[in-house]
There are 2 protein chains.
Amino acid sequence: MKIDPNSSADLSVQIASAIKDAIIAGDLIVDERLPSETELTEQFEVSRSTVREALKRLAAQSLIRTQRGATGGAFVNRLSYEDAYAQQITTATLLLSMNAVSFDTACEARYALERACAPLAATRRDADHLATMRAEVFRQNQPGLSDEAFCASDVAFHRALVDSAANPVLSYQLAGAVEAMQPLMNMITFTERDRARIVELHTMIVDALDQGDAEAVTTGLTELEEETRKLSQNAFEKRAAQQR
Amino acid sequence: MKIDPNSSADLSVQIASAIKDAIIAGDLIVDERLPSETELTEQFEVSRSTVREALKRLAAQSLIRTQRGATGGAFVNRLSYEDAYAQQITTATLLLSMNAVSFDTACEARYALERACAPLAATRRDADHLATMRAEVFRQNQPGLSDEAFCASDVAFHRALVDSAANPVLSYQLAGAVEAMQPLMNMITFTERDRARIVELHTMIVDALDQGDAEAVTTGLTELEEETRKLSQNAFEKRAAQQR
DNA sequence: CATTTCCAATTGTCTGACAATTAAAATCTC
DNA sequence: GAGATTTTAATTGTCAGACAATTGGAAATG
């Protein structure tokens with residue numbers, strides 16, 4: 001691991017990059033302890049502050065974790081799903097909030113992903129997933145439920161649907177899309193009629209899943225996508241009208 | 001933006017988090033300049049090193065960029081697709097290389113995603129995408145092509161397929177899965193017969209796309225998935241045998 | 001007006017110090 | 001000797017102050 005002091009790049013960037021490469025190449029394995037900051041200072045021939053800034057960069061990407069104390073230090077992190085989730089969600093949220101991606105695009109991707117899960121879910125769904133989904137549908141049917149609670153239950157329903165495909169990669173990719181859409185979804189007011197329609201579709205989807213009918217699940221999701229777009233469009237128009 | 005000096009969390013983490021929240025909430029807009037390090041030092045009542053470590057954390061996530069000089073400083077970054085791609089790829093590669101995700105799982109997710117793109121691509125594909133795909137198929141048919149070059153062309157083909165769905169969210173999610181699989185794919189030796197079969201399926205897919213036949217695209221992708229799994233399984237077994 | 005020089009602001013790096021944390025080693029108590 | 005307590009050493013976290021490098025704008029110059 002070497003760095004070039006004459007390069008235009010900042011030293012802390014170079015050091016972070018060198019360590020990152022070592023991790024990806026497998027030279028540093030999970031839970032292995034990196035040299036202490038003092039040792040890295042000597043190895044790279046830079047000051048401790050520079051080493052620290054490099055380590056903070058890696059920590060921000062969950063590549064390492066640090067621990068104080070006698071047996072402390074920086075350790076190579078096993079990238080957990082939680083971390084991957086969190087990163088995915090942050091990135092997706094930013095893309096959406098900075099208008100690099102429109103709501104419609106995110107919505108389209110989300111439902112395309114969910115439809116992609118349908119065939120897998122139809123084969124692999126187990127009683128737990130179905131029970132969760134039915135419980136959420138039941139909750140959505142309760143009168144007097146707030147819009148936020150309805151939304152949260154909707155998310156839980158879809159999460160269970162995707163989880164039933166039993167593919168963690170799909171689960172975590174979808175988490176990004178769903179979470180990023182959440183702030184905008186929360187602005188929507190669901191009328192009695194909207195809710196009835198959504199509950200109807202949810203019921204249809206969970207029934208189809210129960211019977212292992214992937215095609216019916218796909219159909220239900222497509223109709224749900226239409227419904228979601230219609231609702232969000234209304235919400236946007238209403239907000240635009242208010243801001244005038 | 002306030003922090004709690006008595007919290008157990010590191011100050012630099014708290015500060016980074018506070019600034020990040022401000023960015024996501026829209027209190028700091030794209031290209032806006034953050035206060036200088038000296039000003040942040042006063043605002044948060046911490047030392048400059050602590051502020052700097054916080055800023056490095058944010059820079060590592062591409063949330064800000066820094067510039068030296070008189071009019072320099074830290075600026076809120078417009079999260080670009082390139083950045084999002086890069087992050088997605090790093091995360092996906094790590095998940096796979098640390099065995100948090102199996103090759104089969106990644107492969108399954110990848111083809112599920114591609115099939116999710118099929119209906120969109122069948123509607124939206126334009127001449128450019130089709131031309132790219134046909135050019136790659138042509139290249140794959142050339143005798144004497146190295147395995148690496150064949151692999152690279154395969155990636156280009158699939159990228160064009162997904163791009164033709166014209167949904168950037170799907171494009172960037174797929175990039176992660178494909179890139180992460182790349183190192184393992186490169187270990188595969190493609191026999192004449194394997195290549196012929198793959199080219200056949202690719203041709204079928206691009207023809208179906210040309211005709212707007214989403215169902216045929218989906219079928220082709222499913223067969224391609226089987227083929228990929230078979231090949232990778234062989235490669236793994238061969239490697240396992242060698243290591244004995 | 002164009003060019004060059006200078007200046008001030010800002011980030012990047014360095015040095016040295018002390019605080020906080022933590023596990024292990026040493027000590028004490030019974 | 002066993003268990004509780006204290007000490008110690010290693011390590012990261014934070015602070016303070018300094019100087020270097022960079023860079024755009026202001027001032028001086030022709």
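The structure displayed is predicted, hence computed values, not measured ones. Every chain is numbered from 1, with letters handed out A, B, ... down the list of sequences.
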Is B:Lys56 close enough to C:dT11 that one of its side-chain N or O atoms is under 4.0 Å from OP1 or OP2 there?
no

A:Gly72 vs A:Ser49, nearer the 5' end of DNA chain D by closest nucleotide:
A:Gly72

If every non-hydrogen atom of A:Asp104 is compared with every non-hydrogen atom of A:Arg229, which pair is closest and at what distance?
OD1-CD, 3.9 Å

At under 4.0 Å between heavy atoms, what does B:Thr71 touch on the DNA or RNA strands: base, sugar-phosphate, or nothing?
sugar-phosphate

Assert: residue with more 5' nearest nucleotide on DNA chain D, out of A:Gly69 and B:Ala9, is A:Gly69

Out of C:dT10, C:dT13, D:dG13, whichever nucleotide has its closest atom nearest the side chain of A:Glu53:
C:dT13

Reckon A:Thr50 touches a base, only the sugar-phosphate, or nothing at all at heavy-atom distances under 4.0 Å?
sugar-phosphate

To the nearest Å, how far apart are A:Glu45 CD and C:dT15 C1'?
16 Å

Contact class for B:Arg33 vs. all strands (heavy atom < 4.0 Å): base, sugar-phosphate, or nothing?
sugar-phosphate

Measure from CZ on A:Arg65 to C1' on D:dT12 and round the result to the nearest Å.
15 Å

With a 4.0 Å cut-off on N to O distance, would you call A:Asp31 and A:Arg65 a salt bridge?
yes

Can you find a side-chain donor-acceptor pair between B:Tyr111 and B:Thr228 that sits under 3.5 Å?
yes

Distance, rounded to the nearest Å, where B:Phe75 contributes CZ and D:dT23 contributes P:
13 Å

Taking the nucleotide of DNA chain C with the closest heavy atom to each, which residue, A:Ala70 or B:Thr38, is nearer the 5' end?
B:Thr38

In whole Å, what is the span from the CZ atom of B:Phe44 to the C1' atom of D:dT14?
16 Å

Side-chain donor or acceptor of A:Arg48 under 3.5 Å from a matching atom on the base of D:dG13?
yes

Rounded to whole Å, CG of A:Leu55 lies from C1' of D:dT14 at a distance of 16 Å

Euclidean distance, atom CZ of residue B:Arg52 to atom P of C:dC14 [Å, nearest integer]
11 Å

Between A:Arg110 and A:Glu179, is there a side-chain N and carboxylate O pair less than 4.0 Å apart?
no

Quickly work out the A:Leu11 CG to C:dT11 P distance and round it to whole Å.
18 Å

CG of B:Asp10 versus P of D:dT11: gap in Å, rounded?
18 Å

Can a donor-acceptor pair be found between the side chains of B:Thr41 and B:Thr38 at a distance below 3.5 Å?
no

